[in-house]
Amino acid sequence: MTQTDNWALILGASSGFGEAAATALSKQGFNIFGVHLDRKSARPKIEAIIKSVETAGRKAAFFNVNAAAEDKRTKVLDEASSHIAEGAQVQVLLHSLAFGTLKPLIADAPEDRIDQKSMDMTLDVMAHSLVYWAQDLVQRKLMRSGARIFAMTSAGSLQMWKSYGAVSAAKCALESHCRQLAVELAPLGITANAIMAGVTDTPALRKIPGNEAMIENAKARHPYGRLTTTEDVAQAIALLSRPEAAWITGNVLRVDGGESIAG
């Protein structure tokens, strides 16, 4: 069984880091399962991503479903199982879901602050769903020795921005889940790491209040004088997916070109 028989499962595959990772991992020899949630108008973009995967000589199967819904997760994995050749596996799981509520924790009017339903949804989608996908993949033996789990975190787990409280909490939980998964999956030979990208101009970033100032500040102090790109991060994920990276696990790995250490 060769790597060309194996698959990468990307949650949030239609844009940003997920889209770039689909291209990078397919060039490294992985077939791609993509999970995304988009309107029909996004279909041309999805088809373009699938074409890039197929141009690399790999297979692609994309699912337009809510990745945080248990029944949808079951449906995706049932169908995915039919695509995986005997002896192959989902060798890479990338969690890149960016869907949460951007409201402050405290506000004068109740309707202007985050409520329990929105807080729970944000944590469930952006953090806890990683655990449920990992549980099911391992239970089904679709992930075995040599597999990699990656989750996209951000400096927002450490720094506070207005209206970012729930997402910040989700990123903290996501990093904790990666550490716990790393420990529990070590006997199976499966690694888990969180990837902390530098400031990257993605659709998710553009939804954060004050993103323009964030972008300009990052450019001004970055050692390379530019933002991190989704391709920078995707190449790092592809590198970490290689067999030689088997001893790297339980970490929050910065992929930011030195942004975090710049004055």
Side-chain angles (χ1 to χ4, degrees), residues 9-19 34-42 45-46 63-77 93-136 149-181 192 194-215 230 233 252:
L9 171 57
I10 300 174
L11 308 178
S14 64
S15 65
F17 300 113
E19 176 184 0
V35 180
H36 62 101
L37 185 60
D38 292 288
R39 296 186 176 91
K40 289 183 179 180
S41 59
K45 184 176 184 181
I46 304 304
F63 307 88
N64 189 10
V65 299
N66 178 5
E70 181 179 5
D71 61 330
K72 302 302 183 184
R73 183 174 69 253
T74 298
K75 181 178 179 181
V76 168
L77 293 178
L93 169 63
L94 171 60
H95 185 285
S96 184
L97 297 177
F99 185 79
T101 298
L102 293 166
K103 280 189 173 185
L105 305 186
I106 305 298
D108 291 336
E111 63 270 18
D112 293 332
R113 70 192 183 205
I114 195 165
D115 57 24
Q116 181 176 349
K117 181 179 179 181
S118 297
M119 179 73 82
D120 291 346
M121 179 275 293
T122 302
L123 270 290
D124 187 54
V125 173
M126 298 189 70
H128 305 332
S129 59
L130 169 67
V131 175
Y132 309 140
W133 280 92
Q135 287 175 334
D136 286 355
I149 296 174
F150 302 107
M152 295 305 307
T153 186
S154 75
S157 67
L158 304 170
Q159 302 172 359
M160 298 299 100
W161 299 311
K162 184 178 180 180
S163 303
Y164 200 73
V167 177
S168 178
K171 293 301 186 183
C172 290
L174 188 67
E175 292 172 14
S176 180
H177 289 332
C178 284
R179 288 189 290 269
Q180 189 67 30
L181 287 169
I195 305 295
M196 183 180 289
V199 175
T200 310
D201 193 357
T202 63
L205 179 73
R206 289 290 179 174
K207 294 178 181 178
I208 300 174
N211 66 81
E212 297 89 349
M214 194 184 307
I215 288 171
T230 56
V233 177
V252 177

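No experiment lies behind these values; they were computed from the predicted model shown. The figures here come from the full heavy-atom set of this structure, side chains too, leaving out hydrogens, waters and symmetry mates.
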Minimum-distance pair of heavy atoms, taken over all atoms of [X] and [Y]:
X: Phe17; Y: Val233; result: CE2-CG2, 3.6 Å
X: Lys45; Y: Ser14; result: CE-O, 3.1 Å
X: Leu37; Y: Asn66; result: CD1-N, 3.9 Å
X: Gly18; Y: Ser96; result: N-OG, 3.7 Å
X: Leu105; Y: Gly165; result: CD2-CA, 4.3 Å
X: Thr230; Y: Thr200; result: N-CG2, 3.7 Å

Q: Using atom types as modelled and distance alone, determine if a side-chain donor or acceptor of Thr122 lies under 3.5 Å from a backbone N or O of Thr101.
A: yes
(Q) Using a 3.5 Å distance criterion without hydrogens, assess whether the side chain of Lys171 forms a donor-acceptor pair with backbone atoms of Met152. (A) yes
Q. Does anything in residues 197-213 pair up under salt bridge (charged side-chain N to carboxylate O under 4.0 Å, His left out), and if so which pairs, sequence neighbours excluded?
A. Asp201-Arg206
Q | Side-chain touch Leu174/Met126, heavy atoms, less than 4.5 angstrom | A | no
Q.
Taking the side chain as everything from C-beta on, heavy atoms only, tell me whether Arg179 gets closer than 4.5 Å to Val252.
A. yes
Q) Are Ser118 and Asp115 linked by a side-chain donor-acceptor pair shorter than 3.5 Å? A) yes
Q: Could you give me the CA-CA distance, side-chain angles and deciding distance for Glu175 and Met196, then say whether side-chain contact (heavy atoms from CB on, under 4.5 Å) is met?
A: CA-CA 10 Å; Glu175 292 172 14; Met196 183 180 289; 3.8 Å; yes
